[in-house]
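Everything quoted here is computed from the prediction, not taken from an experiment. Sequence lines set the chain letters: A, B, ... in the order given, protein chains first and strands last, and positions in each chain run from 1. Below, each value reflects all heavy atoms present in this structure, side chains not excepted, and no hydrogens, waters or symmetry copies.
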Amino acid sequence: MENSEIARIFWQIAELLELKGENPFKIRAYQKVARNLEGLSQNLEEIYKKGGLAALEEVPGIGEAIASHIVELLKTGKVKKYRELLEEFPPSFIELMEVPGLGPKTALLLKKKFKIDSIKKLEKATAQGLLKNLPGFKEKKIENIRKGLELKKKVAGRYLLSEAGEFAEALISQIKKIKGVDKILPCGSLRRQKETIGDLDILVTSNRPQAVLDAFVKLPQVARILGEGPTKSSVILKNNLQADLRVLDPENFGAAAHYFTGSKLHNIAIRELAIKKGLKISEYGVFRGKKRIGGKTEEEVFKAVGLPYIPPELREGRGEIEAARAGKLPDLIELQDIRGDLQMHSKYSDGGNSIEEMAEAARKLGYQYIAVTDHTLSTRVAGGQTEKEFLKELEYIDKLNDRLKGFRVLKGVEVDILPDGTLDYKDAILKECEVVIAAVHSNFKMPKDKMTRRILAALKNKYVNLLSHPTGRLIGKRDPYEVDLEKIMKAAADTGTYLELNAHPERLDLNDAHCLRAKELKIKLSINTDAHSAGNLSDMKYGVATARRGWLEKKDVINTYPIDKLLKFLYAKR
DNA sequence: GCCGTTTTCGGCCCGACTGTTTTCAGTCG
């Protein structure tokens, strides 16, 4: 069972407990563990298999009660406590709380007075004007519920990091033009570079906050104003993305940036540390009693609680605070560390540019090498070549390299792993390549053990030095295929095969938690764009962002190595 | 329900905005 499935159950338990009016700290305990699980690098089921109950209780946020729920779930597929809660409140009722602005108190009231236990019934009741009979319900409140219902239908979940980044850039360029704007910084999950973004959180410092906020809500991109105050406004943009603008005094920049960047889990942990030191941290600074003792920079905030600066990508409450305290923060990889790109396609298969054009574009990015890795026969829809056609491509690359000075095009291939685990090209062909990337491109819906065996077989081939997009997911479009990734990773470690972090913004595969696990298992990765045109080579930044979220350092990523060292690593398996 | 560089019991981050209220509850991040 995946951690995310277990996390979802705990999220739901938390919501149900909220409806019951349970102790808020108990509710938070469930929320906290759910969040923790989403970022956990190891699979809980594995942890339990290996170390039993005791090992489960080692996981942060898991105590006696939650551990027993997990064991029950793993053994029987059910959790009694969860089922009992669900009997009281059906799933359709929980959905009510997904309506923006509608929380547990309101939901409960609606159920009590009008037996409303689904969004459909709520829509009907609003249309019939029933709600005005409720105590504390006047025109505006009813109007807000109506708008919330509309909004829920419209807002289609989360945007890809790449999309949200572009929206943010456009919005920021507008905000910059507003008079009185001092500093401006996109915060929230965008600054933490999460793979998907739910809303834009933008921080501005200014001495004239009201003027800035007034101008902000009048920007042409704004479709609707959700809330307006003297320090903060929330709007829905025309692209249906929510944007929150917070405007604070310039001297609060650091504290505000820290607060607004999150994550929530990280912020809570930092603020708890502050309390232990007799301090208080908020977006307005660091305080000892009423005296403000810092907050102009983020460094000051961390320093106040005795920590070095923690990069935003690490602020997920995944042990970064403990690591910081122990002086063991990773020295995160940076985009400039990348020296080449080991997966891309040319006109020889389904790419849009010639090999020479790809090389030229890569050189402009400051790279020293690329590997061209066109498709093999089975992916005929993607221009996959026969072995004979492929050998001609290799000949061409040799000739091209004679011409290129100070740059190297590596001979590569993205070879299909067929359903039975064999590869699409013979070893005699693979042997001619410097980079052999194995990948699954078909029969995604195999049973887990079969898919695992299929990939394991490919890893055993001594010419395969890289496994591409190991889970096959497309964010928001296709779930990862069923595979025992832990086994795959261990086999990668044993056989000396490297794993890919595919930098395509829709893939980001391996993901951040997988990267962390790979690092624990001492497996090296390669961050590749899988570019199908020269322009796609710039997707590398999304791969590096994910690697940073996965705590990876320069030395963990083979395409940061100079060419000689890289080749040694690539040939180590043969 | 979790957790411990004060604690195995008594804590648990901090503040903004809205709507309906005359001081606050609900929701959100």
Side-chain angles (χ1 to χ4, degrees), chain A residues 10 13-15 17-18 21-36 56-70 81 96-110 132 134-145 147-148 151 187-189 198-203 209 213 217 225-235 242-248 252 255-256 258-287 295 301 305-306 317 322 325-326:
Chain A
F10 288 139
I13 291 180
E15 289 203 313
L17 292 177
E18 232 176 337
E22 259 284 6
N23 172 4
F25 298 108
K26 188 192 275 193
I27 296 164
R28 231 183 57 197
Y30 279 101
Q31 291 170 338
K32 199 170 169 180
V33 77
R35 264 201 199 91
N36 273 337
L56 280 182
E57 289 187 29
E58 291 285 302
V59 177
I62 298 182
E64 208 178 325
I66 290 182
S68 78
H69 292 330
I70 294 171
K81 184 188 179 86
L96 277 184
M97 285 198 290
E98 286 167 19
V99 176
L102 205 161
K105 293 289 191 307
T106 314
L108 218 50
L109 187 69
L110 291 171
K132 63 173 181 277
L134 286 171
F137 276 64
K138 293 208 168 165
E139 236 172 78
K140 279 210 165 166
K141 195 161 180 171
I142 294 168
E143 179 62 13
N144 275 342
I145 289 182
K147 280 185 180 168
L151 208 62
C187 295
S189 48
D199 57 15
L200 300 180
D201 298 307
I202 296 169
L203 170 67
L213 285 162
V217 298
I225 301 169
L226 292 176
E228 273 186 287
T231 76
K232 176 186 167 179
S233 286
S234 295
V235 301
Q242 181 174 333
D244 297 339
L245 186 75
R246 188 75 197 263
V247 187
L248 289 162
N252 293 332
H258 182 259
Y259 145 77
F260 217 22
T261 298
S263 68
K264 195 168 179 161
L265 222 51
H266 170 90
N267 282 0
I268 290 174
I270 292 286
R271 289 172 178 197
E272 276 171 355
L273 266 184
I275 292 172
K276 280 183 192 142
K277 290 188 183 290
L279 304 172
K280 184 184 76 168
I281 293 178
S282 75
E283 60 264 49
Y284 294 104
V286 183
F287 298 87
V301 176
V305 290
E322 293 76 1
R325 189 162 29 204

Which part of the nucleic acid does [X] contact within heavy-atom distance under 4.0 Å: base, sugar-phosphate only, or nothing?
{"X": "A/I62", "answer": "sugar-phosphate"}
{"X": "A/L102", "answer": "sugar-phosphate"}
{"X": "A/I281", "answer": "sugar-phosphate"}
{"X": "A/N23", "answer": "base"}
{"X": "A/K264", "answer": "base"}
{"X": "A/S233", "answer": "nothing"}
{"X": "A/K81", "answer": "sugar-phosphate"}
{"X": "A/P230", "answer": "sugar-phosphate"}
{"X": "A/Y30", "answer": "sugar-phosphate"}

Roughly how many Å apart are [M] and [N], using the [atom1] atom of each and rounding to a whole number?
{"N": "B/dG11", "M": "B/dA25", "atom1": "C1'", "answer": "24 Å"}
{"N": "B/dG15", "M": "B/dG4", "atom1": "P", "answer": "25 Å"}
{"N": "B/dC13", "M": "B/dC2", "atom1": "C1'", "answer": "16 Å"}
{"N": "B/dC14", "M": "B/dT7", "atom1": "C1'", "answer": "23 Å"}
{"N": "B/dT22", "M": "B/dT18", "atom1": "C1'", "answer": "16 Å"}
{"N": "B/dG26", "M": "B/dT21", "atom1": "P", "answer": "13 Å"}
{"N": "B/dG10", "M": "B/dT20", "atom1": "P", "answer": "42 Å"}
{"N": "B/dT23", "M": "B/dC17", "atom1": "P", "answer": "22 Å"}

Which sits closer to the 5' end of DNA chain B, A/K280 or A/G101, going by the nucleotide each is nearest to?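 By nearest-heavy-atom nucleotide position, the 5'-most residue is A/K280.
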Using the closest heavy atom to pick a nucleotide of DNA chain B for each, name whichever of A/V99 or A/F137 lands nearer the 5' end.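 Nearer the 5' end of the strand: A/F137.
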Which residues share a salt bridge (Lys or Arg N to Asp or Glu O under 4.0 Å) with [X], sequence neighbours left out:
{"X": "A/E98", "value": "A/K152"}
{"X": "A/E143", "value": "A/R146"}
{"X": "A/E22", "value": "A/K26"}

Hey, are the side chains of A/V59 and A/N36 touching, using non-hydrogen atoms and a 4.5 Å cut-off?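 Result no, sub-4.5 Å side-chain heavy-atom pair not found.
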Contact boundaries on DNA chain B for chain A, cut-off under 4.0 Å to non-hydrogen atoms: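 So the contact region on DNA chain B extends B/dG1 to B/dG29.
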Of the options A/L226, A/V217, A/D244, which is the one that meets A/V235 in a side chain to side chain contact (heavy atoms under 4.5 Å, CB included)?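 In the set A/L226, A/V217, A/D244, the residue that makes a side chain to side chain contact (heavy atoms under 4.5 Å, CB included) with A/V235 is A/V217.
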With A/Y30 via ring pair (Phe, Tyr, Trp, His ring centres under 6.0 Å) - residues at least two apart: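 Once residues adjacent in sequence are excluded, the partners of A/Y30 under the ring pair (Phe, Tyr, Trp, His ring centres under 6.0 Å) criterion are A/F10.
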Applying the Watson-Crick and G-U wobble criteria at under 3.5 Å, what pairs with B/dG29? Answer none if nothing qualifies.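 Per the H-bond distance test, B/dC14.
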Is it the case that the side chain of A/D201 and the backbone of A/C187 share a donor-acceptor pair, with hydrogens and angles ignored and the cut-off at 3.5 Å?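 No; zero donor-acceptor contacts below 3.5 Å.
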List in chain and number order the residues that pass side-chain contact (heavy atoms from CB on, under 4.5 Å) with A/S282, two or more places apart in sequence or in another chain; answer none if no residue qualifies.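 A/S282 satisfies side-chain contact (heavy atoms from CB on, under 4.5 Å) with A/Y284, A/F287 only.
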